[in-house]
Engineer: 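Following this message is one structure expressed as structure tokens.
Each residue takes its place number in the sequence, starting with 1. Just the heavy atoms: all of them, side chains too, but no hydrogens, waters or symmetry mates, feed the values below. Keep in mind that what you see is a predicted model, and the values were worked out from it rather than measured.
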Amino acid sequence: MTDTPRTLAEELRTRTDSGLVGLLRTRPDLLNPVPGDVTQLATRAGTRASVVRAVERLDRFVLQTAEALAVAPDPCPYGTLVALMAGDAGDEAVAAALPRAVAALRAQALVWGPDDRLRLVRTARELLTPSAAHPSPTGLGPTVAEATAGMSPGRLQEILAAAGLPTTHDPVSAVAALTALFSDRTRMAALLDTAPAESVTVLDKLLWGPPYGGVTDRPAPHLQWLLDRGLLLPAGARNVVLPREAALHLRGGRAHHTPEPLPPALAPVTERDPQLVDNAAASQAFTALATVEELLKEWDLGGPPVLRAGGLSVRDLKRTAAALDTTEQLAAFWLELAYAAGLIASDGEADERYAATPSAEEWLKLPDHQRWAVLAAAWLPATRTPGVVGTADAKGRALAALGPHLDRSPAPEVRRRALTLLAGLPPGTSVPAAAVRARLRWERPLRGAGPGARAAAAPAGATVSGAGAEGAPAEDLRARLAQWALAEAELLGVTGRGALSAHGRALLGREPEAADATPAETDAAAARAAALLAPLLPEPLDHVLLQADLTAVAPGPLRRPLAEALGVLADIESKGGATVYRFTPGSVRRALDAGRSAAELQEFLSTHSRTPVPQPLAYLIDDVARRHGQLRIGAAAAYVRCDDDALLAEILADRRAAPLRLRRLAPTVLAAQTSPEQLLDGLRAMGYAPAAESAAGDVLIARADSYRTPPRSAPGPVPDGPPPPDRTLLEAAVRAIRAGDLAATAERKPVPAPAAAAGALPRTTSAETLATVQAAVLTHSALWIGYVNADGAASQRVIAPVRVEGGFVTAYDHTADEVRTYPLHRITGVAELADDAV
């Protein structure tokens, strides 16, 4: 092997183990399955799917460097690359950042070769080289040689003569002469000095792209001047193109209009007291808990039905938003958050509907800080994206909340990276969301962009006679994911006033950049975050303040038993820092229907109020209780029973009772031709307070049972490609690749044909195999063997035999890096290795 690698495989073979580990870590798709040797690794690294994934993960400057290499000569000296990136005038920032970019491309096996012969991997060159169908962000067009391919020799001679070059009958030398002219700064400047002003204006329009334009059958004189000298070359029936060499001269040698060697600064910054930020985040965290709790309460008896195609209908989403007193988009977020945490799910019945899960019961019993940790730990790695709810899918159908097709695999990476950028700022410091999006766009300019991202970066065409307006690229998915991530972090209380809170930093873990944290590390980080949040959350109260206007004010969050009991006895009138409850005849009757007596209600209010029970409230409870149950309703079809026959006579005489079709059966009994439920509602609408009774005459307590789904698992994130490999797997993979490479490339002693055929397994007789293996045991030498396993798969291996007995050979397998036992009858043949092969 020469000192200069001739292929990517040869260069990878010279890398250290740590270099291969770095390659496999940044491109984990190369590990599935583990390559058999370095040649297989290089082949897989050059496949289109793998290269596309690798290119998508380049930052903007590294991508610009790769794009410059795609328009440079192949191979490209480092000096030529510097000239393309920094221009003739030079740029110190670009020159200083270029070694990092080249090293990054080398590390990912997208560039190989020494500095004087840099080569872009062929597949990457095909992806990034400009063409009419796929414009490059550089805005450059084809070379002179590419644009003149197929041009008649006579036309080439005309261009040479008009440009003042000596004519030649050889098209190759003619193209070379024209290329040399356009690449020579002095001669090119002299040629352009003779150009009409209108011709220079046309070149300026095509300078930074798109390089293509249209012309008429009879071009204007200033266009004809350009066409005659090859400064515009044909690109179709009525299209022309500015050749690459001419464009680079006009640009001063730069491949990009604006190289971006440094990431955009996170600015302007706003500094706040970190304690103020933590308090604001904690307040929002408590609001998030209350909102999810309200959602579970709303669906306690069963939620809305599941659409046939999956998800929640628009009408049910609106109802849920109204119940939560929020917008439909925010309601979708809370629904998806509860779904990701495993608190709600579909019940799986024939008439499928949504409901709270058994896990929701356990969640409600946890302390507030632990409940928040459950929600935050579910949100951070989630791939379901509520921000796309309401948008159209590929078939034009609106995406429904809780429905399929909401997963966006880049979401966890973007979410964690956005928070990591905030974590890099001093505590209490915030920056505008636009600054975070700009940084993320620089870090992954192609990641998450649509199929037209490259075309958006370089518009497809222009008319040479008019002004070429460049269109702005549409906002890509990654930018929208970042916007949603920052908004959701604020809603959840991970951030406060735009700055990352202390418990938000803890949630990211000890290494915020590590997106491949194990479940145990994730749980530990959530526990640390919960511990930091706990002292910031308000302590639940055990009292309210009763007022004379039949209201009760809860000056803070109430303990759960108190909040549940008060929610039955009164209606919530307003929420906020203090919750206002209002007592009404209907709410008091609801408490009585639930089995409470008037005395119990009075005692409950006296115990939990810091103010005396107002007289109007006491009178209200006594009045409703006095009339509650005076009328008894049961099933006949339905009947009304009352010890006061005068009251029954009053009901019969009331015109509002006509729809109930009542008739007297006895002095204390009325019969109705309606159901007991309709009779209850009808009499209550007339102002009475009847109570339902059982067949035995006992009062029925109206206490609905909660509805829960069967046990359900929370939805798992959809992985964005193969999972990041751990260090153990990486080291084992490198050992296997090295061993396989040894087996494939080890020098062997000559063997008789046909065993010596290239790539063939060695073939020896059983006696020869046994004798050779036994000799290797005595001499402690290595052998090259052909082996067929029980599944019939053939492979080549390098082994060092230890002993031979019972028809088996025990040997150290260099390929597998372990001691193995092989049946002799499965060894197709053996060959000795050269003395210095191992």
Side-chain angles (χ1 to χ4, degrees), residues 279-301 323-326 334 338 343 356 360-375 491-493 530 533-584 586-614 616-618 620-621 703-704 706:
N279 290 338
S283 176
Q284 190 57 48
F286 184 80
T287 302
L289 294 176
T291 304
V292 175
E293 186 176 343
E294 184 69 22
L295 171 63
L296 297 178
K297 181 179 178 182
E298 181 70 18
W299 288 10
D300 191 57
L301 303 180
L324 299 180
D325 192 22
T326 187
W334 297 118
L343 305 181
E361 295 285 353
E362 301 174 4
W363 182 79
L364 289 170
K365 297 175 183 177
L366 295 174
D368 287 345
H369 63 285
Q370 293 183 11
R371 290 196 291 150
W372 178 86
V374 171
L375 298 180
L491 287 172
L492 194 53
L533 177 64
L536 302 175
L537 293 174
E539 188 70 24
L541 303 176
D542 62 352
H543 66 274
V544 295
L545 305 176
L546 295 177
Q547 302 186 108
D549 60 350
L550 297 180
T551 61
V553 177
L558 300 177
R559 292 182 178 177
R560 184 167 307 284
L562 174 58
E564 291 178 350
L566 196 59
V568 175
L569 180 56
D571 298 324
I572 297 178
E573 189 170 81
S574 66
K575 299 178 181 179
T579 305
V580 178
Y581 294 84
R582 178 164 294 280
F583 300 94
T584 65
S587 68
V588 174
R589 184 174 62 241
R590 186 170 63 229
L592 295 172
D593 287 342
R596 294 289 191 96
S597 65
E600 290 174 338
L601 295 180
Q602 297 278 10
E603 182 181 0
F604 170 79
L605 293 175
S606 299
T607 302
H608 295 287
S609 176
R610 290 291 177 87
T611 58
V613 178
L617 179 55
L620 174 65
I621 293 175
R703 183 180 297 149
S706 299

Engineer: Does the side chain of Leu566 come within less than 4.5 Å of Phe604's, by heavy atoms?
Structural biologist: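 Yes; the side chains approach each other to less than 4.5 Å.
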
Engineer: Less than 4.5 Å apart, any side-chain heavy atom of Thr584 and any of Leu550?
Structural biologist: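 Thr584 does not reach Leu550 side chain to side chain.
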
Engineer: For Trp372 and Leu492, indicate whether the former's side chain and the latter's backbone hold a donor-acceptor pair under 3.5 Å.
Structural biologist: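 At least one qualifying donor-acceptor pair exists.
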
Engineer: Say you draw a straight line from OG1 of Thr579 to CG of Leu558; how long is it, rounded to the nearest 0.5 Å?
Structural biologist: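 Thr579 OG1 to Leu558 CG: 6.5 Å, rounded to 0.5 Å.
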
Engineer: Between atom OG of Ser606 and atom CG of Leu546, what is the distance when rounded to the nearest 0.5 Å?
Structural biologist: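 Separation between the atoms: 8.5 Å.
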
Engineer: Just by distance, do the side chain of Ser609 and the backbone of Leu545 share a donor-acceptor pair under 3.5 Å?
Structural biologist: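 No, because the side chain of Ser609 does not come within donor-acceptor range (under 3.5 Å) of the backbone of Leu545.
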
Engineer: Roughly how far, to the nearest 0.5 Å, is NE2 of His543 from CG of Leu562?
Structural biologist: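 So the CG of Leu562 and the NE2 of His543 are separated by 9.5 Å.
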
Engineer: With the side chain counted from C-beta on, respond yes when Leu605 and Leu569 share a heavy-atom pair under 4.5 Å apart, and no when they do not.
Structural biologist: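 They are in side-chain contact.
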
Engineer: For Asn279, check side chain to side chain donor-acceptor pair (under 3.5 Å) against everything at least two apart and list the hits.
Structural biologist: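 If we apply the side chain to side chain donor-acceptor pair (under 3.5 Å) test to Asn279, skipping adjacent residues, the hits are Gln275.
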
Engineer: Closest heavy-atom contact between Pro614 and Gln547?
Structural biologist: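 Smallest heavy-atom distance, with atoms named: CG-O, 3.3 Å.
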
Engineer: Do Ile621 and Phe583 come close enough that some side-chain heavy atom pair is under 4.5 Å?
Structural biologist: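 No; the side chains remain at least 4.5 Å from each other.
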
Engineer: If every non-hydrogen atom of Leu343 is compared with every non-hydrogen atom of Leu296, which pair is closest and at what distance?
Structural biologist: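 Closest approach of Leu343 to Leu296, heavy atoms only: O-CD2, 3.9 Å.
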
Engineer: Between Lys297 and Asp300, is a salt bridge (Lys or Arg N to Asp or Glu O under 4.0 Å) present by the stated rule, with each step listed?
Structural biologist: CA-CA 5 Å; Lys297 181 179 178 182; Asp300 191 57; over 6 Å; no

Engineer: So how far is it from Leu289 CG to Arg371 CZ, rounded to the nearest 0.5 Å?
Structural biologist: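 Result: 5.0 Å between the selected atoms.
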
Engineer: With sequence neighbours left out, which residue pairs that include part of residues 537-552 fulfil the salt bridge (charged side-chain N to carboxylate O under 4.0 Å, His left out) condition?
Structural biologist: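 Residue pairs with at least one partner in residues 537-552: there are none.
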
Engineer: Would a distance-only check, ignoring hydrogens and angles, find a side-chain to backbone donor-acceptor pair under 3.5 Å from Glu600 to Ser597?
Structural biologist: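 Yes; at least one donor-acceptor contact below 3.5 Å.
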
Engineer: Arg596 side chain to Arg590 main-chain N or O, any donor-acceptor pair under 3.5 Å?
Structural biologist: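 Judged by distance alone, no pair lies under 3.5 Å.
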
Engineer: Can you measure from CG (Leu592) to CZ (Arg589) and round to the nearest 0.5 angstrom?
Structural biologist: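 Going from the CG atom of Leu592 to the CZ atom of Arg589 covers 9.0 Å.
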
Engineer: Filter on salt bridge (charged side-chain N to carboxylate O under 4.0 Å, His left out), then keep only pairs touching residues 601-612, sequence neighbours left out; what's left?
Structural biologist: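 Applying salt bridge (charged side-chain N to carboxylate O under 4.0 Å, His left out) to every pair that reaches into residues 601-612, excluding sequence neighbours, yields nothing.
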
Engineer: How far does CG of Asp325 sit from CD1 of Ile572, to the nearest 0.5 angstrom?
Structural biologist: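 Atom-to-atom, Asp325:CG and Ile572:CD1 are 11.0 Å apart.
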
